[in-house]
Number of protein chains: 2
Amino acid sequence: MPATSPAREKCRTCRLHSLCLPRELPQGDTSELARIVQTRRPMKRGTYVLQAGGHFQSIFAVRTGSVKTSTLLPSGDEHISGFHLPGEILGLDAIASRSHPSTSVTLETSHVCEIPFTELEHLSERIPALQRQLLRIMSRELSTEQSTTHLLARRSAEQRLAMVLLDFSQRFANRGLSARHFRLPMSRSDLANYLGLAPETMSRTFRRLEARGLLSIAGKAVVILDPIALAELVDGASGGS
Amino acid sequence: MPATSPAREKCRTCRLHSLCLPRELPQGDTSELARIVQTRRPMKRGTYVLQAGGHFQSIFAVRTGSVKTSTLLPSGDEHISGFHLPGEILGLDAIASRSHPSTSVTLETSHVCEIPFTELEHLSERIPALQRQLLRIMSRELSTEQSTTHLLARRSAEQRLAMVLLDFSQRFANRGLSARHFRLPMSRSDLANYLGLAPETMSRTFRRLEARGLLSIAGKAVVILDPIALAELVDGASGGS
DNA sequence: CGCATACTTGACTCTATTCAAGGTTAGTGG
DNA sequence: CCACTAACCTTGAATAGAGTCAAGTATGCG
């Protein structure tokens, strides 16, 4: 019989622990954390992980699958603020206001872990490494958001698409998957919405990049054919030097 | 002779303490915090508070004046990611990477407080309320960034301008200043850059809103004449219902 | 007072949007 | 396994909003 119960092992043995909350935590602290983490049954596509306006109680970690986060604007249309892959944390934007400013929905069948925030706060009072990790994650989230902002400001449709594809390529690679062949989990119109473009523009832009031999796309399956040219497209910027 | 030294008083007696780090901290804890806060001599317009690529050591709080934060894109042009008013914190996006992803410069003569981060972390291990406040500030920052993203995605020049003016109006009001008459601290082209617009478009958009009687602008002085119409313009969204 | 910078204005161009229609895919039920 | 339906995606033509280029005007600093 092992010294630690299966529940205490779940974070340590999770393939994602080096990307997720337990990152860089000593093993003992990881077990402590695992005790308050609630794993849930799989959620099928289109299930709400959290809803805008709802009372903030927990943060969530994506374990498998993928999630999109969006806000309903007063005008009635939604704006998608991000897509989340395994190991990424949801709900951190609700700490200040104690209620969720945005809604998160699964894009496919997904496993999500729930971490009750009050317990996490108490735990991090006892475990300074956990407190530091929380701050690090939020800080990383902040710079990611800033990159998204740069993505939208004064960039052409081609640049936006190139940026987001390279971003996904990188994130898949971080998860041990191929950086060149992957499957986008969201619909074209979700991606268009995220990039601040019309779906039609998205479609045409895909074709144009395909015609130039930078990538190939069939449905949701993407193949990056020329990552260097894509990166140059991004860096080339508005004016171009 | 008072029980606490002047240094220990500086945060408690600062007019901004209810907006800044000490917010909701008990008085004793505020004094503890004040001990590690370094106030500096005024910085004149155009001084770097922190520079992209620089080693992360401290976060900074604006005490008077204003600051802009920008990133130099690989293409050579800069993108301004935010403007900071008194009581706002700079540098939180550097915690994860331990080096600043962006550059912050004063827009006018400003006072800035420096808070060494290692000391702040140690202090917050002893003071749970301070830890909570740090997380709250970062969370608030996250939702602010998300609003900026919404601002840029698929909104017209008019809507972007209306949004940013209402945002400043609100932030000035929070600082006890007029919500209707204020002075924008940045240049037109900085504002245009922030909104992802060409300076010329900015200029024309100001004129158009002025012609419709929504506001009046003379140099950097803005008067909001019809806040309701401005808000409706923002909410009216792309399609309009 | 003069120079430099910042701002404005006009004319033209171009990219992305909109509207409209047709084609594909995926998921459902027989 | 196939047929059917409803999303989803693509394509085309016309339009509009913002960008660019270029010149002129205000503003402020030395």
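Not measured: the values here are computed from a predicted model. Residue numbers start from 1 in every chain, and the chains themselves are labelled A, B, ... in the order their sequence lines are given, proteins ahead of strands.
Spacing between atom CD of B:Glu200 and atom C1' of D:dC21 amounts to 8 Å, rounded to whole angstrom units. As a whole-Å value, the separation of B:Ile217 CD1 from C:dT9 C1' is 16 Å. Summarising the geometry, the separation between CZ on B:Arg155 and C1' on D:dG17 is reported as 16 Å, rounded to the nearest angstrom. Taking atom CD of residue A:Gln159 and atom C1' of nucleotide C:dA16, one finds them 14 Å apart after rounding to whole Å. Atom CE in A:Met202 sits about 10 Å away from atom P in D:dT10, given to the nearest Å.
In this pair, B:Phe83 and B:Phe168 present their aromatic rings tilted. The plane angle is within the 30 to 60° band.
The shortest distance between the side-chain N/O atoms of B:Thr201 and the OP1/OP2 oxygens of D:dG19 is below 4.0 Å. In this structure, A:Arg208 does not reach the D:dT11 phosphate: none of its side-chain N or O atoms is under 4.0 Å from OP1 or OP2. At the phosphate of D:dT10, OP1 or OP2 sits under 4.0 Å from a side-chain N or O atom of A:Ser203. When the side-chain nitrogen and oxygen atoms of B:Arg204 are compared with OP1 and OP2 of C:dA11, none of them lie within a distance under 4.0 Å. Between A:Ser156 and the phosphate of C:dT15, there is no side-chain N or O to OP1/OP2 separation shorter than 4.0 Å.
Contact annotation for A:Arg207: backbone-only contact, meaning every heavy-atom pair under 4.0 Å involves sugar-phosphate atoms and none involves a base.
Using a cutoff of 4.0 Å between basic side-chain nitrogens and carboxylate oxygens, B:Glu88 and B:Arg140 are not scored as salt-bridged.
Atoms CD1 and CD1, from B:Ile95 and A:Ile137 in turn, are 12.0 Å apart once rounded to the nearest 0.5 Å. A:Arg155 CZ to A:Leu197 CG: the interatomic distance, rounded to the nearest 0.5 Å, is 13.0 Å.
Non-hydrogen atoms lying under 4.0 Å from DNA chain D are contributed by A:Ser187, A:Arg188, all within residues 180-188 of chain A.
Relative to the six-membered ring of A:Phe182, A:Arg175 misses at least one condition, a distance below 6.0 Å or an angle of at most 45° to the axis.
If you check the side chains of B:Thr103 and B:Ser70, you find no donor sitting under 3.5 Å from an acceptor.
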